[in-house]
Amino acid sequence: MDKQQSKKTGHLERHLSLNAWGFIAICLLALHALPWFAPDLVHTMIMIFIMAIMGQGWNVLSGYAGQFSFGHSLFFGIGAYTSTLLFVKLGISPWFGMFASILLAILIGLFIGYLSFRFGLHGPFFALIMLAFAEIFHMLVMGWNWAGGAEGVLIPLKGNAPAIMQFSNKEPFYFLLIWLTVASLYLVWKMEGTRMGLYLQAIREDNDAAEALGANSLKYKLYAMAISAGMTAVGGTIYAQYLLYIDPDTTFGIINSVEILLRPIIGGPGTVLGPLLGSLVLTPLAEITRTTFQAYSGVYLMIYGALLVAVIMFLPDGLMGVVKKVMARIKGKGVRP
């Protein structure tokens with residue numbers, strides 16, 4: 001009976017696995033066809049993907065490693081300003097500027113991470129450190145005339161110029177972001193099953209116990225910080241080149257930190273698909289509420305707050321928690337004799 005049950009379970013898991021890959025393939029095909037069938041949705045999908053990539057960056061540090069950050073707009077702003085200033089002031093293509101922004105974000109992230117983790121800062125203390133650095137950079141850029149100051153930087157439009165990440169329509173950004181999102185999902189999925197991923201989850205649950213089992217918590221937290229900073233900087237670079245305008249408030253502002261962390265929290269922190277699922281729900285909601293309540297400043301943030309409270313109260317594991325429960329029920333029904 002046990003062997004028969006085990007065989008049924010194995011067949012079901014393989015079947016579910018094949019179905020999952022088939023579903024992923026169908027979703028990718030549908031996404032690639034969307035611009036021709038629903039062109040009005042392209043802008044919203046671009047913003048969904050940008051926020052999903054940055055949410056995934058936050059997820060690595062805060063969801064997997066358990067180091068809650070309230071200042072990821074720091075890395076978003078670094079990505080946006082580094083690539084933009086290199087292009088506007090020095091004529092360097094944003095494709096190269098993106099790698100420079102990733103490197104700079106990683107270096108700054110490692111500096112902050114070492115200062116924090118070396119002295120055991122975590123929880124609300126680490127969150128405040130991240131917030132403080134984001135605000136420091138916010139004020140520095142605000143008063144830096146070479147970087148545009150409070151007025152920001154307008155990126156000159158050169159027409160259809162793929163070499164400098166400018167296109168005559170939105171579709172190239174859309175397709176680029178599909179595959180950047182897929183790459184971010186794949187990176188975290190592969191990381192989750194590695195020794196590093198397991199150590200990060202152990203550190204999140206109990207730092208001292210993880211250290212006792214041989215995990216070098218400082219090293220792995222810094223790894224998580226580097227990955228997190230780099231991924232968020234990518235989102236900042238694409239955002240700047242897509243909208244062709246940046247300023248201190250829309251990059252380093254605290255609202256961006258809230259926007260970034262809400263996606264994985266709503267979707268399910270510490271899960272591969274959580275940031276994407278959260279972005280699919282929140283980004284259209286943000287677009288709708290901003291348009292509907294544009295005469296009432298801050299109303300959409302109140303809606304965000306109410307939604308966050310509701311999720312914490314009724315869905316502590318996020319939307320992915322609901323998905324996992326449904327999948328568990330399907331598996332449970334499938335293995336019954």
Side-chain angles (χ1 to χ4, degrees), residues 43 46-59 61-62 68-85 88 101 104-105 108-109 112 124 126-155 228-266 275 278-279 282-283 285-291 293-308:
H43 170 73
I46 286 173
M47 298 310 297
I48 285 171
F49 292 139
I50 289 175
M51 297 309 300
I53 291 167
M54 295 194 294
Q56 194 70 271
W58 186 92
N59 191 38
L61 180 64
S62 304
F68 191 92
S69 168
F70 200 67
H72 254 53
S73 61
L74 168 66
F75 305 127
F76 173 66
I78 288 171
Y81 266 91
T82 301
S83 60
T84 297
L85 291 176
V88 173
S101 68
L104 182 59
I108 292 173
I112 298 170
F126 177 69
L128 290 174
I129 285 289
M130 288 298 299
L131 175 61
F133 272 95
E135 283 302 303
I136 287 170
F137 273 74
H138 184 194
M139 298 307 297
L140 285 174
V141 173
M142 186 78 76
W144 191 12
N145 291 330
W146 188 79
E151 294 182 358
V153 182
L154 183 65
I155 301 172
S228 182
M231 290 175 70
T232 309
V234 169
T237 298
I238 302 295
Y239 175 90
Q241 301 309 315
Y242 174 63
L243 294 181
L244 297 176
Y245 173 74
I246 56 172
D247 64 47
D249 291 333
T250 58
T251 52
F252 291 103
I254 189 173
I255 291 178
N256 275 337
S257 291
V258 175
E259 293 266 14
I260 292 169
L261 66 86
L262 275 178
R263 268 68 182 175
I265 288 178
I266 298 294
S279 188
L282 281 182
T283 305
L285 177 64
E287 296 291 325
I288 292 169
T289 53
R290 281 197 190 102
T291 303
F293 301 105
Q294 59 183 344
Y296 305 96
S297 178
V299 170
Y300 80 97
L301 290 176
M302 294 172 62
I303 294 173
Y304 268 13
L307 183 61
L308 182 59

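All values below come from the heavy atoms of this structure, side chains included, with hydrogens, waters and symmetry mates left out.
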J.: Decide yes or no for M231 and V234: does some side-chain heavy atom of the first lie under 4.5 Å from some side-chain heavy atom of the second?
T.: no
J.: Looking at side-chain heavy atoms only, is the closest gap between F75 and M130 below 4.5 Å?
T.: yes
J.: Determine the minimum heavy-atom distance between Y81 and G149, stating which atoms define it.
T.: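 For Y81 versus G149, the nearest heavy atoms are OH-O, 4.5 Å.
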J.: Taking only residues at least two apart or on different chains, which pairs with a member in residues 140-152 satisfy side chain to side chain donor-acceptor pair (under 3.5 Å)?
T.: none
J.: Below 6.0 angstrom between ring centroids: does that apply to F68 and W58?
T.: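 So the answer is yes for these two rings.
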J.: So which atom in T84 and which in A240 form the shortest heavy-atom distance, rounded to 0.1 Å?
T.: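 So the two residues come closest at OG1-CB, 3.5 Å.
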J.: CE/M47 to CG/L243 distance, rounded to the nearest 0.5 angstrom?
T.: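 One gets 6.0 Å once the value is rounded to the nearest 0.5 Å.
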J.: Taking all heavy atoms of A233 and all of S101, pick out the closest pair and write down the distance.
T.: CB-O, 3.8 Å
J.: Not counting sequence neighbours, list each pair that qualifies as a salt bridge (charged side-chain N to carboxylate O under 4.0 Å, His left out) and has a residue in residues 130-141.
T.: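 Residue pairs with at least one partner in residues 130-141: there are none.
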J.: Please name the pair of heavy atoms, one in S69 and one in S62, separated by the smallest distance, quoted to 0.1 Å.
T.: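 In terms of heavy atoms, the two residues are closest at N-OG, 3.1 Å.
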J.: With rounding to the nearest 0.5 Å, note down the distance linking OG1 in T251 to CZ in F76.
T.: 6.5 Å
J.: If I take atom CZ from residue F252 and atom CD1 from residue I246, how far apart are they, to the nearest 0.5 angstrom?
T.: 8.0 Å
J.: Nearest 0.5 angstrom please: F133 CZ to I112 CD1, how far?
T.: 4.5 Å
J.: Pick out which of L261, N256, T232 makes a side chain to side chain contact (heavy atoms under 4.5 Å, CB included) with H72.
T.: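 Option passing the side chain to side chain contact (heavy atoms under 4.5 Å, CB included) with H72: T232.
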J.: Taking atom OG of S228 and atom CD1 of I260, what is their separation to the nearest 0.5 Å?
T.: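 The distance works out to 9.0 Å.
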J.: With a 4.5 Å limit on heavy-atom distance, are the side chains of H138 and D249 in contact?
T.: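 Answer yes - side chains close enough.
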J.: Strictly distance-based, threshold 3.5 Å: is any side-chain N or O of S279 a donor or acceptor partner for the main-chain N or O of I48?
T.: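 It does hold such a pair.
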J.: Kindly compute the distance separating CG (N59) from CD1 (I265), expressed to the nearest 0.5 Å.
T.: 10.0 Å
J.: So which heavy atom on A105 is nearest to which on A229, and how close?
T.: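 Reported closest heavy-atom pair: O-CB, 3.4 Å.
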J.: Give the minimum heavy-atom separation between A52 and P275, together with the two atoms involved.
T.: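 For A52 versus P275, the nearest heavy atoms are O-CB, 3.9 Å.
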J.: Return each pair, listed once, that meets salt bridge (charged side-chain N to carboxylate O under 4.0 Å, His left out) where at least one residue sits in residues 252-262; pairs must be two or more places apart or across chains.
T.: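 For residues 252-262, and leaving out neighbouring residues, the salt bridge (charged side-chain N to carboxylate O under 4.0 Å, His left out) pairs sorted by first residue read E259-R263, E259-R290.
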